[in-house]
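Shown next, in structure tokens, is the structure this report addresses.
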There are 2 protein chains.
Amino acid sequence: MTRVGIREVAALAGVAVGTVSHYLNHPDKVSAERAERIRGAIDSLGFVPNNAGRQLRLGRSSAIAYVAPDVSNPYFAEIAEAVELRAAERGVSAFIANSHRSREREDAHLAFFEQHQVLGLLVSSHLPIEDRLAHVRRRGTPSVLVGQAASSPEQASISLDDVEGGRLATQHLVDIGCRRILFVGGPVGIKQVADRLSGASIVTRAMAGVALEVIDQSDRTIRGGREVGRAIAERPAEDRPDAIFAANDLLALGILQEVVRAGIEVPRDLALIGYDDIEYGEASLIPLSTIRGRHGTFGEATVDLLFGEIEGRTDGVRQLAFTPDLVVRESTSGFGR
Amino acid sequence: MTRVGIREVAALAGVAVGTVSHYLNHPDKVSAERAERIRGAIDSLGFVPNNAGRQLRLGRSSAIAYVAPDVSNPYFAEIAEAVELRAAERGVSAFIANSHRSREREDAHLAFFEQHQVLGLLVSSHLPIEDRLAHVRRRGTPSVLVGQAASSPEQASISLDDVEGGRLATQHLVDIGCRRILFVGGPVGIKQVADRLSGASIVTRAMAGVALEVIDQSDRTIRGGREVGRAIAERPAEDRPDAIFAANDLLALGILQEVVRAGIEVPRDLALIGYDDIEYGEASLIPLSTIRGRHGTFGEATVDLLFGEIEGRTDGVRQLAFTPDLVVRESTSGFGR
DNA sequence: AGTCCTGTTTGAAACGTTTCGAAATCGACA
DNA sequence: TGTCGATTTCGAAACGTTTCAAACAGGACT
């Protein structure tokens with residue numbers, strides 16, 4: 001079975017290879033009569049263009065890539081989906097890759113995509129990665145850091161104001177009357193977590209009579225939340241907080257399950273607020289109050305920013321920050337009643 | 001900024017291009033002294049191998065692809081993750097693509113990957129797709145149909161016995177004493193759904209005094225489940241089923257939320273069982289009984305089967321079927337008490 | 001009939017890598 | 001020193017595509 005290429009098509013159609021190429025890439029430049037012959041030849045040979053040849057000649061691919069730490073986390077899955085859609089609108093494909101929170105895999109993916117000459121990279125990471133991206137950029141592949149503000153002005157980024165988010169969440173808890181607030185999340189080495197916590201402490205420090213406790217839980221999943229929930233439930237009632245601010249929705253959902261199971265009434269005895277506004281949060285048995293960072297346009301803005309970099313439109317701003325909103329649902333709205 | 005290629009590296013290191021290539025691909029074949037010089041040249045030039053050139057010469061890539069209908073559905077996300085891991089173990093990369101349940105996007109992805117000369121394709125689809133895969137296979141790219149038994153003996157597939165799963169679930173409901181069973185899911189045009197339903201009716205028909213009702217809900221998400229849940233809750237108590245078998249866990253979770261909110265006690269008044277055993281099912285407030293189709297080894301088996309096809313090992317079986325297990329959790333275990 | 005224009009078609013060169021036969025090098029041994 | 005064999009290095013060819021300058025065809029004018 002011999003590979004069928006553009007030459008075979010050209011031979012069968014009785015035209016030059018250049019004409020077949022034109023037919024494929026600039027169909028308007030080739031006469032109707034030849035187009036018909038070429039179409040026939042392609043069908044009868046089952047010709048499939050070889051991307052390697054094309055890309056070698058072109059010197060670049062027509063794809064972008066999104067490297068995320070954990071695509072099974074709905075937060076990243078939702079971004080990935082938006083990215084994919086927006087990329088398709090712009091006529092480029094999007095590769096989605098999962099680094100599984102491992103530096104090694106992240107590195108491998110970055111190298112892989114650079115070798116594949118993607119147009120540009122979108123990267124979400126919990127790890128310090130700006131240096132790595134700077135090298136890649138210097139060699140010609142631009143990137144956008146997603147979900148984290150870049151510290152270098154050279155590095156494009158699109159981020160959420162997590163300090164403000166932490167402030168909003170905590171202020172809300174205080175407003176509805178909570179006084180013993182527990183922040184769950186960690187490790188504080190992660191900027192997103194540290195920022196949310198620091199937003200929280202801004203509020204609690206400014207307010208007399210409000211205490212802020214911190215539990216460092218670095219497994220920020222439902223499982224991790226359940227651990228914390230059980231620990232809370234086991235405390236004597238007077239040692240329990242009257243509000244919990246979880247660093248993400250997954251944690252909050254885990255906590256919610258275990259405290260409700262233990263008979264603690266949410267939100268009457270304990271108000272609970274998460275962060276990220278993932279789909280399952282709204283769909284929870286007791287819908288979860290939360291902080292929504294990325295509005296509908298976040299994914300689109302991300303791709304658009306990347307294209308700005310790719311096309312060299314260095315029209316000023318390359319660092320965008322979204323301001324988060326408070327989303328009040330049942331898990332806080334009836335506290336104390 | 002001129003692209004740096006293998007020739008520049010060779011020139012700087014004072015060796016032939018062939019030697020640099022050897023260094024990259026068969027490091028043991030090149031002397032320590034030259035290896036050192038080459039390493040230095042690569043570092044100082046920031047050389048990144050160009051995949052297009054490599055792939056063009058080789059005639060194939062070193063990647064496989066998984067095309068799924070909806071990666072934000074944890075069922076597919078979990079498969080994707082396992083696939084990625086197993087592929088990495090075997091030293092190939094895995095592309096994950098989301099067809100968004102659209103035939104067009106599915107087609108576009110298939111074409112894209114064929115042009116990229118992936119080693120092989122993994123495909124989950126709700127749509128009829130065997131003909132398409134047969135064409136692709138004939139042109140040299142093998143594939144495995146994931147989650148659905150192939151009808152052609154030429155087409156490799158790895159599937160779950162959904163009739164047996166439906167039977168298991170329903171038998172369990174009957175065993176614990178339920179007599180008015182409601183099946184939720186649709187459309188019946190989808191084989192997985194039809195099979196689960198037919199498994200259910202095998203049980204109910206064999207048993208006197210057991211009724212089977214069917215609600216066709218083709219939005220098989222939490223949202224769709226909530227719709228159904230509300231509809232059930234609105235019925236007068238005597239018209240309600242005493243058990244619900246949902247065609248997947250997402251549906252079941254949606255139903256669960258709405259019926260519990262309406263004050264129906266689960267599992268005392270209403271037993272509920274889902275299908276697929278997604279992570280959130282176990283993590284639900286009332287952990288969900290379910291049918292587990294794919295054990296831990298499903299993703300690995302999928303990749304291994306694909307490699308069998310790629311390497312032409314046609315050692316008999318190319319169609320695997322996993323037998324599902326019943327997983328009993330709280331949403332059924334206390335029915336009637 | 002010649003000239004100029006516009007729009008198509010042609011064929012060769014180039015993209016960066018791997019592989020393969022040939023050439024070179026080296027060590028051991030006669 | 002010369003020869004042999006094993007190992008390492010070399011350089012050219014080939015992979016399939018796009019693009020570009022050049023050739024060509026066909027009208028519309030002079």
Side-chain angles (χ1 to χ4, degrees), chain A residues 1-39 41-42 45-63 111-112 114-118 139-141, chain B residues 1-39 41-42 45-63 111-112 114-118 139-141:
Chain A
M1 189 177 91
T2 172
R3 280 304 274 176
V4 20
I6 211 175
R7 338 172 78 90
E8 282 75 21
V9 173
L12 180 58
V15 303
V17 295
T19 309
V20 178
S21 177
H22 274 142
Y23 167 78
L24 293 168
N25 300 295
H26 314 283
D28 44 320
K29 296 290 177 203
V30 34
S31 70
E33 181 251 351
R34 288 180 191 233
E36 187 46 52
R37 292 221 306 272
I38 295 175
R39 185 175 7 253
I42 288 181
L45 292 174
F47 165 74
V48 174
N50 177 327
N51 175 70
R54 161 171 241 269
Q55 187 170 325
L56 178 58
R57 179 61 228 245
L58 257 38
R60 61 178 187 287
S61 76
S62 63
F112 181 85
E114 193 181 0
Q115 289 175 20
H116 277 253
Q117 305 175 104
V118 293
R139 289 190 292 258
T141 306
Chain B
M1 188 177 92
T2 171
R3 278 307 272 178
V4 21
I6 211 175
R7 339 171 77 91
E8 282 75 21
V9 173
L12 180 58
V15 303
V17 294
T19 308
V20 177
S21 177
H22 274 142
Y23 168 78
L24 292 168
N25 300 294
H26 314 284
D28 44 320
K29 296 290 177 202
V30 33
S31 70
E33 180 251 351
R34 287 178 192 237
E36 187 47 52
R37 292 221 306 271
I38 295 175
R39 185 174 8 254
I42 288 181
L45 292 174
F47 165 73
V48 174
N50 176 326
N51 175 71
R54 160 171 242 268
Q55 187 170 324
L56 178 58
R57 178 61 229 243
L58 256 37
R60 62 178 186 286
S61 76
S62 63
F112 181 85
E114 193 180 0
Q115 289 175 21
H116 277 252
Q117 303 174 104
V118 293
R139 290 190 292 257
T141 306

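From a predicted model like this one, the values you see are computed outputs, not experimental measurements. Labels below follow one simple rule: chain letters A, B, ... track the order of the sequence lines, proteins then strands, and each chain is numbered from 1.
- Taking atom OH of A:Y23 as the reference point, atom P of C:dT9 lies 13 Å away to the nearest angstrom.
- Between the CG atom of B:N25 and the P atom of C:dT18 there is a distance of 4 Å, given to the nearest Å.
- Rounded to an integer number of Å, the gap from A:R54 CZ to D:dC15 C1' is 17 Å.
- OP1 and OP2 of C:dT18 both lie 4.0 Å or more from every side-chain N or O belonging to B:H26.
- A distance-only check finds a donor-acceptor pair linking the side chain of B:Q55 to the backbone of B:H116 [under 3.5 Å].
- We find that CZ of B:R7 is positioned 13 Å from P of D:dA13, with the value rounded to whole Å.
- Separating the CZ atom of B:F47 from the C1' atom of C:dG16 is a distance of 8 Å, rounded to the nearest angstrom.
- Side-chain contact between B:L24 and B:I42 is present, with heavy atoms from C-beta onward closer than 4.5 Å.
- Taking only side-chain nitrogens and oxygens, B:S31 comes nearer than 4.0 Å to OP1 or OP2 of D:dT9.
- Distances shown here put every side-chain N or O of B:S21 at or beyond 4.0 Å from the OP1 or OP2 atom of C:dT19.
- B:I38 contributes atom CD1, which lies 10.0 Å from atom OG of B:S21 (distance to the nearest 0.5 angstrom).
- Ranked by how close their nearest DNA chain D nucleotide is to the 5' end, B:R34 and A:G18 are led by B:R34.
- Contacts of A:N51 with the nucleic acid, taken as non-hydrogen atoms under 4.0 Å apart, are absent.
- The CZ atom of A:R57 sits 13 Å away from the P atom of C:dA13 (whole-angstrom rounding).
- Of the two residues near DNA chain D, B:L56 and B:H22, the one whose nearest nucleotide lies more 5' is B:H22.
- Between B:L24 atom CG and C:dT17 atom C1' the separation is 10 Å, expressed in whole Å.
- Proximity of B:T19 to the phosphate of D:dT9: no side-chain N or O atom is located under 4.0 Å from OP1 or OP2.
- Comparing B:N50 and A:E33 by the nucleotide of DNA chain C that holds the closest heavy atom to each, the one mapping nearer the 5' end is A:E33.
- When distances are taken from the side chain of B:P49 to each of C:dG11, C:dT17, C:dT18, the shortest belongs to C:dT17.
- In this structure, CD in B:Q117 is found 8.0 Å from CG in A:N51, a value given to the nearest 0.5 Å.
- Straight-line distance from the CZ atom of B:R60 to the C1' atom of C:dT17: 13 Å, rounded to whole Å.
- When the options A:H22, A:R7, A:E8 are evaluated for a side-chain contact (heavy atoms from CB on, under 4.5 Å) with A:V17, the one that passes is A:R7.
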